Amino acid sequence: MLALVDANNMYVSCERVFDPRLIGRPVVVLSSNDGAAIARSEEAKALGIRMAQPWFQIRHLEKTAGLVALSANFELYADMSSRMMAIEARYAPGQEIYSIDESFLDFAGVRGDLVAIGRDLRETVLREVGLPACVGLGPTKTLAKLGNHIAKSAERKPGSYPAHLARVCNLGAMPEEELHRLFAATAVGEVWGIGRKTGARLIDSGVRTVLDFVRADAATIRKQYSVVVEKTLLELRGVACMAFDDAPASNKQIMVSRSFGNAVTSMDGIIEAVSEFATRAVERLRKQHSVAGAINVFFTTSPFRRHDRQHEVGVTLPLVRPTADTRVLVSAAVAVVRRRYRPGFNYAKAGVMLMDLQQAGVMEQGELDLFAAAPKASPAAATPQRDRANLMDALDAVNRRFGRDSVRIASATLASSGSDTRSWAARHDRRTSRYTTRWDEIPQARA
DNA sequence: TCTGGGGTCCTAGGACCC
DNA sequence: TCTGGGGTCCTAGGACCC
């Protein structure tokens, strides 16, 4: 049996732990640049605020409805997440961390009342970390997910489902009749894997509820949609098609991109931004012990500014040899900007993507770089690759110890050393303190 | 004035090979 | 008029997720 544990409104709940005044009020957490709502409290949802809704469309609710908006504080959320995940891991032999606020647990071999265990788990998370969560159980991932959806709905919309399913719901231990009643009460679009497009098409064809869907013919679904949708269907019937994976492979690509706080109209500004994004991306790359075989750099104007002339640059550069060297990748990114930048545009966004990732240190013989220096005869002389790795290790160590960007690549400071003052940097005016990860931002108790 | 930032997997179609 | 048939690899785009 699998469980899916999911924190309720994770980002808002994290903020409430450190500021109880937010409890009971409509609260949203805003994306980078305070651009759009990426988390909503129940009260905010009740105001009709949609996921990813632009801030400028809802900001009037600050005055009229007491809405509180905060800038995303990802450092805080990540730390709260790791605390929560550690507790969840105590309850099952296997854990697959699926996102910042969700993990699958594998209860294979665990005896006893899983609903009782689930209740204990969520109470412990609430007591020790302060985050409310719901637990869904089922024989497959998709059913565990659906159980979680029902557990959450039953909690926040009394009457939508039987009250005893609130907060913890096990779809793996109920008579088919009862299961089908729940399926019939659930829209097909609520199923994990059925998105907007597929959901709309299913409804058009008369498949409205989960029950309609599980009764559909699998082969026909596969033909009309895809194997992915067919797998979802089979999973709802209890046939596991998605493996539980407690040691997920490292990422296959790494992307860092941002909308600018202010439009950038100089090449130096783009170079500076792209240098920083590349630096961040390569840090993540080294953290997972990978090297990149290619880098993609893009920068673009804003399609929302219709009166602006539009221009978009996106270039993928293969690398002679896969690398995790910040200098090489920043240089490559800067070269793209120098070659492709065109003046006279209001650039709104840029990004860097690292691709063709491979594990570091496992280069095939056939992939050896013909142009790399031959190994020196003297055993004392390290190969250039070794030097590189040592330099990057040192860079990471210094920045870990003395703070991010204590040491960095020169082009990343290009514009800020001149008159420009990093006007491209994203705004986050409403960010709360990083209570748990910065000594100087630790919360203070007053007598 | 102001519109998120990450990821994954699958499929179709073209290039290329024998 | 007829115009091979498979296989692989790569890429772009779509759909989905949080």
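Here is how names work: the chains are called A, B, and so on, in the same order as the sequence lines, proteins then strands, and each is numbered from 1. It should be emphasised that the depicted structure is a prediction, and the values quoted were computed from it without experimental measurement.
- Residue-level contact check: Ile254(A) touches the backbone only, with heavy atoms under 4.0 Å from sugar-phosphate atoms and none from bases.
- Proximity of Asp79(A) to Thr437(A): side-chain heavy atoms (C-beta onward) are separated by under 4.5 Å at one or more points.
- For the segment residues 1-15 of chain A, the set of residues with a heavy atom within less than 4.0 Å of an atom of DNA chain B is empty.
- A heavy atom lying under 4.0 Å from DNA chain B marks the following residues of residues 31-55 of chain A, by number: Ser31(A), Ser32(A), Gly35(A), Ile38(A), Ala52(A), Pro54(A).
- Between the side chain of Thr198(A) and the main chain of Ile194(A), no donor-acceptor pair closer than 3.5 Å is present.
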Reading 5' to 3' and counting Watson-Crick or G-U wobble pairs with both distances under 3.5 Å, write the dot-bracket notation for DNA chain B, | for bases paired outside the strand. ....||||||||||||||

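- A salt bridge links Glu43(A) with Arg16(A): the distance from a Lys NZ or Arg NE/NH1/NH2 to an Asp or Glu carboxylate oxygen falls below 4.0 Å.
- Using a 4.0 Å cut-off between charged side-chain N and carboxylate O, Arg258(A) and Glu276(A) make no salt bridge.
- Among the heavy atoms of the strands, none lies under 4.0 Å from Arg427(A).
- The list of ring pair (Phe, Tyr, Trp, His ring centres under 6.0 Å) pairs with a residue in residues 225-281 of chain A, not counting sequence neighbours, reads Phe277(A)-Trp424(A).
- Among pairs with a residue in residues 14-57 of chain A, those fulfilling ring pair (Phe, Tyr, Trp, His ring centres under 6.0 Å) read Phe18(A)-Tyr435(A), at least two apart in sequence or across chains.
- In summary, Glu42(A) and Lys45(A) engage in a salt bridge, as defined by a charged side-chain N under 4.0 Å from a carboxylate O.
- Here chain A contacts DNA chain C (any atom closer than 4.0 Å to a heavy atom, that is under 4.0 Å), and the contacts span dA15(C) to dC18(C) from 5' to 3'.
- With sequence neighbours excluded, no residue forms a side-chain contact (heavy atoms from CB on, under 4.5 Å) with Asp204(A).
- When the P atom is compared between dC18(C) and dT3(B), the two are found 25 Å apart, to the nearest whole Å.
- A heavy atom closer than 4.0 Å to some atom of DNA chain C occurs in no member of residues 286-319 of chain A.
- Proximity of the aromatic rings of Phe74(A) and Tyr11(A) is defined here by a centroid distance below 6.0 angstrom, and this criterion is met.
- Residues satisfying the side-chain contact (heavy atoms from CB on, under 4.5 Å) criterion with Gln95(A), sequence neighbours excluded, are Met85(A), Glu88(A), Ala89(A), Ile97(A), Ser103(A), Leu105(A).
- Within residues 194-231 of chain A, the residues approaching DNA chain C are Ile194(A), Gly195(A), Arg196(A), Lys197(A), Thr198(A), by heavy-atom distance under 4.0 Å.
- Using a 4.0 Å heavy-atom criterion, one finds that Arg258(A) contacts the sugar-phosphate atoms exclusively.
- For Thr326(A), the side-chain contact (heavy atoms from CB on, under 4.5 Å) partners two or more places apart in sequence, or in a different chain, are Thr279(A), Val282(A), Arg286(A), Val330(A), Met392(A), Leu395(A), Ile409(A).
- Sorted by first and then second residue, the ring pair (Phe, Tyr, Trp, His ring centres under 6.0 Å) pairs involving residues 283-306 of chain A (not counting sequence neighbours) are Phe299(A)-Tyr347(A).
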